Engineer: 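Below you'll find the structure I mean.
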2 protein chains.
Amino acid sequence: MNEDVKDLNLSVLKAFTLLEAFVGDKQKWGVRELAKKTGYNKSTTYRLLNTLESIGVLQKNDEDKYLLGLKLFELGNLVSIHKSLRKHSRQPLEQIAREIKETVHFGVLDKNQVLYLNKTESPQGLKVSTQIGSYQKAYCTAIGKVLLAFSSEEKILEYLKKTALDPCTVNTITDQHVFLKELQKIKKQEYALDMEELELGLICIAIPVFNNKNQIIASISVSGPSSRFKLENIGNYLSIIKKGVQAIENSINNYN
Amino acid sequence: MNEDVKDLNLSVLKAFTLLEAFVGDKQKWGVRELAKKTGYNKSTTYRLLNTLESIGVLQKNDEDKYLLGLKLFELGNLVSIHKSLRKHSRQPLEQIAREIKETVHFGVLDKNQVLYLNKTESPQGLKVSTQIGSYQKAYCTAIGKVLLAFSSEEKILEYLKKTALDPCTVNTITDQHVFLKELQKIKKQEYALDMEELELGLICIAIPVFNNKNQIIASISVSGPSSRFKLENIGNYLSIIKKGVQAIENSINNYN
DNA sequence: AAACAGCGTTTCATATAATGAAACGTTTTT
DNA sequence: AAAAACGTTTCATTATATGAAACGCTGTTT
């Protein structure tokens, strides 16, 4: 827990390490479980959880397990970074989802990863479901590849320097030169495809969103199972998504 | 900072007291400002802010002020309490807002207050704008009065015992007996009005959302300026909102 | 029915880590 | 040029977080 530790408050770090455990599938935690996971002493864990509960950051359910509490919901909704983007993306995403009937995502590049700012889920039973606020690898998602393709050359090279192109499926692009070629192609055709590069059976298409200085600021993607997502639909999908992108670009550049 | 303090971690409490300062209009804070506001020592404040920044809970902007960071956005989106309600309310709210063109809210009763879980803002320039995740007084909002009106008698009496009906405007109901009569009326007519009881110039109408045991679980409201919100529209509004309520009730009771 | 194992919780001596006044180096204002 | 305001660092002091052990409780196993 060290290295070049400045002068950080250890209790606060521990408290948030405990909260970090709730990022993932497991939503309910007991004291001993969390103590085991984090390596903190049972007593310490107990007292920290107790503290967090007393202020609504955690909440106990009927079986006395801890859940993330509404104080975090409150604080999370106050985060001003990208707030305007989130707001203006909402209705266009709904519209796209209504027309295409697949899950639509809206994301930006943050810390060299895709950060999902908003989504609208497909009304169909079989669908992609991502967590808003979560991060995903950029190099094997359509949305991430678009965001990189329209970034500056320095940024792309810096990305490749810092990121290992580890395979997620057999289709993942793992060679840097092939990847750079892919980005060039994306920039030229103005959209990206993810042909089961992140997950087998999952296909995505993404389009860039620009500000009025023509810099990329976000991207919209549509994701669906390969069983439904046919290449002959791409032209149709592109025109529907582009309408949404237009709407977002207009409202961002005019109203904010 | 005491009374019957159990055994809480003071640093963690302080950290969240600092974060609490961001609840409100002021989004950007400096070290000394926050130290002054909270009463904590400058050094302590500095170190806590530093700690929170190191893990993304806070973030510095270009002028070196602290903002709420994306870690809180991530955690806030993971809060599972009422998650299903939030999700299923989204599309019906959009639909209502499209038809009525006023701001639509979706809320529940939490700690004797209205907790706003979702909203869709009016497309018009002059509009109501509330913060999702924030709390509002129940006794002078349409949404709160509906939620109370369909609660059990014990709950209502407990509410009145704990809550002072302080006036917000000249129209606020401040007499307990008048208020109880109002709740009875609301229960009978199955909707509530807020005739400028919270804020002058602001009118709202709200309808209950029930689960399949016929218990109230939430409420939808439409809010608009008195200049646009005419009593002759109420019948029309009610039928539009009821469609949305139906949609929510169906999806909640079937899919979850 | 008794023993056991799991849980959250409390105790208390110990040591660690949080604390704050003062001083520092910058930047902004006067 | 001086002063004020800012974030930051120092260091001796002391308050507080710590963890092993014991506790009481609940549900399961013997």
Side-chain angles (χ1 to χ4, degrees), chain A residues 1-22 25-69 71 80-81, chain B residues 1-22 25-69 71 80-81:
Chain A
M1 203 198 270
N2 301 49
E3 246 152 81
D4 70 313
V5 166
K6 282 178 171 178
D7 193 9
L8 305 178
N9 185 300
L10 299 184
S11 296
V12 173
L13 287 181
K14 282 179 191 165
F16 277 95
T17 304
L18 289 173
L19 293 179
E20 206 67 48
F22 293 81
D25 311 317
K26 197 163 165 54
Q27 298 181 349
K28 305 182 280 183
W29 290 88
V31 175
R32 279 172 138 97
E33 278 178 307
L34 266 172
K36 197 172 178 185
K37 181 183 166 77
T38 55
Y40 303 150
N41 183 283
K42 192 159 48 82
S43 306
T44 302
T45 307
Y46 167 71
R47 282 182 288 237
L48 287 171
L49 292 175
N50 214 345
T51 304
L52 292 169
E53 192 212 351
S54 75
I55 50 179
V57 171
L58 289 175
Q59 191 165 321
K60 273 188 191 165
N61 68 1
D62 23 283
E63 40 174 348
D64 259 310
K65 298 283 179 188
Y66 288 96
L67 302 175
L68 293 183
K71 176 56 74 185
S80 54
I81 301 156
Chain B
M1 205 199 268
N2 301 47
E3 246 152 84
D4 71 316
V5 165
K6 282 177 171 180
D7 195 7
L8 305 177
N9 186 299
L10 300 184
S11 295
V12 173
L13 287 182
K14 282 179 192 165
F16 277 95
T17 304
L18 289 174
L19 293 178
E20 205 67 48
F22 293 82
D25 312 315
K26 197 164 165 54
Q27 298 181 349
K28 306 182 279 183
W29 290 88
V31 176
R32 278 172 137 98
E33 278 178 307
L34 266 171
K36 197 171 177 186
K37 182 185 166 79
T38 55
Y40 304 150
N41 183 283
K42 191 159 49 85
S43 305
T44 302
T45 307
Y46 166 72
R47 282 181 290 237
L48 287 171
L49 293 175
N50 213 347
T51 304
L52 292 169
E53 192 211 349
S54 75
I55 50 180
V57 171
L58 289 176
Q59 192 166 319
K60 274 190 191 164
N61 68 2
D62 24 282
E63 38 174 350
D64 258 311
K65 298 283 178 189
Y66 289 96
L67 302 175
L68 294 182
K71 176 55 74 185
S80 54
I81 301 156

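Lettering of chains follows the sequences in order, A, B, ..., and the numbering in each one begins at 1. Heavy atoms only: backbone and side chains are in, while hydrogens, waters and symmetry mates are out. No experiment lies behind these values; they were computed from the predicted model shown.
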Engineer: At under 4.0 Å, does any side-chain N or O of B:Lys14 touch on OP1 or OP2 of C:dT19?
Structural biologist: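 Yes, within the criterion.
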Engineer: Tell me the interatomic distance from A:Leu13, atom CG, to D:dT18, atom C1', rounded to whole angstroms.
Structural biologist: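 My rounded result for the distance is 16 Å.
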Engineer: Would B:Lys14 count as a cation-pi partner of B:Tyr40, with NZ or CZ less than 6.0 Å from the six-membered ring centre and within 45° of the ring normal?
Structural biologist: yes
Engineer: For A:Ala15 and A:Leu48, work out which heavy atoms get closest and say how close.
Structural biologist: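 Shortest heavy-atom separation between A:Ala15 and A:Leu48 comes out as N-CD1, 4.2 Å.
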Engineer: Which of these nucleotides, C:dA18, D:dG7, D:dT16, is closest to any side-chain atom of B:Leu10?
Structural biologist: D:dT16
Engineer: Is B:Lys36 atom NZ crowded by more than 12 heavy atoms from other residues, nucleotides or ligands, each under 6.0 Å away?
Structural biologist: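 Atom NZ in B:Lys36 is not packed in, count stays at 12 or less.
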Engineer: Without decimals, in angstroms, what is the distance between A:Glu53 CD and C:dG8 P?
Structural biologist: 13 Å
Engineer: Which heavy atom in B:Trp29 sits nearest to a heavy atom in B:Lys37, and how many Å separate them?
Structural biologist: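 Nearest pair, atom of B:Trp29 first, then B:Lys37: CH2-CD, 3.3 Å.
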Engineer: Evaluate the criterion ring-ring contact (aromatic ring centres under 6.0 Å, His included) for residue pair B:Tyr46 and B:Tyr66; output intermediate values, then yes/no.
Structural biologist: CA-CA 11 Å; B:Tyr46 166 72; B:Tyr66 289 96; 8.3 Å; no
Engineer: Take the protein atom CG of B:Asn61 and the nucleotide atom C1' of D:dG7, then report the distance between them rounded to whole Å.
Structural biologist: 14 Å
Engineer: Contact class for B:Lys60 vs. all strands (heavy atom < 4.0 Å): base, sugar-phosphate, or nothing?
Structural biologist: sugar-phosphate
Engineer: Looking only at side-chain atoms of B:Lys42, point me to the closest of D:dT18, D:dT8, D:dT16.
Structural biologist: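 For B:Lys42, the side-chain atoms sit closest to D:dT8.
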Engineer: Would you mind telling me which residue lines up with the more 5' stretch of DNA chain C, A:Asn9 or A:Asp64, judged by nearest nucleotide?
Structural biologist: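 The residue whose closest nucleotide sits nearer the 5' end is A:Asp64.
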Engineer: Starting at CD of B:Glu63 and ending at P of D:dC6, how long is that distance when rounded to a whole Å?
Structural biologist: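 To the nearest whole Å, that distance equals 13 Å.
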Engineer: Mind calculating the distance between CG (A:Leu48) and P (C:dA17) to the nearest angstrom?
Structural biologist: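 Rounded to the whole Å, the gap is 14 Å.
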Engineer: Check if the side chain of B:Ser43 and the base of C:dA21 share a donor-acceptor pair of N or O atoms closer than 3.5 Å.
Structural biologist: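 Answer yes: a donor N or O sits under 3.5 Å from an acceptor.
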Engineer: Could one point to a donor on the side chain of B:Arg47 or the base of C:dG20 with an acceptor on the other under 3.5 Å away?
Structural biologist: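 Yes, the side chain and the base share a sub-3.5 Å donor-acceptor pair.
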Engineer: Between A:Arg32 and B:Asn41, which residue's closest nucleotide on DNA chain C lies nearer the 5′ terminus?
Structural biologist: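 Closer to the 5' end of DNA chain C: A:Arg32.
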Engineer: Should A:Thr44 be listed as having a side-chain N or O under 4.0 Å from OP1 or OP2 of D:dG19?
Structural biologist: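 For D:dG19, OP1 or OP2 has a side-chain N or O of A:Thr44 closer than 4.0 Å.
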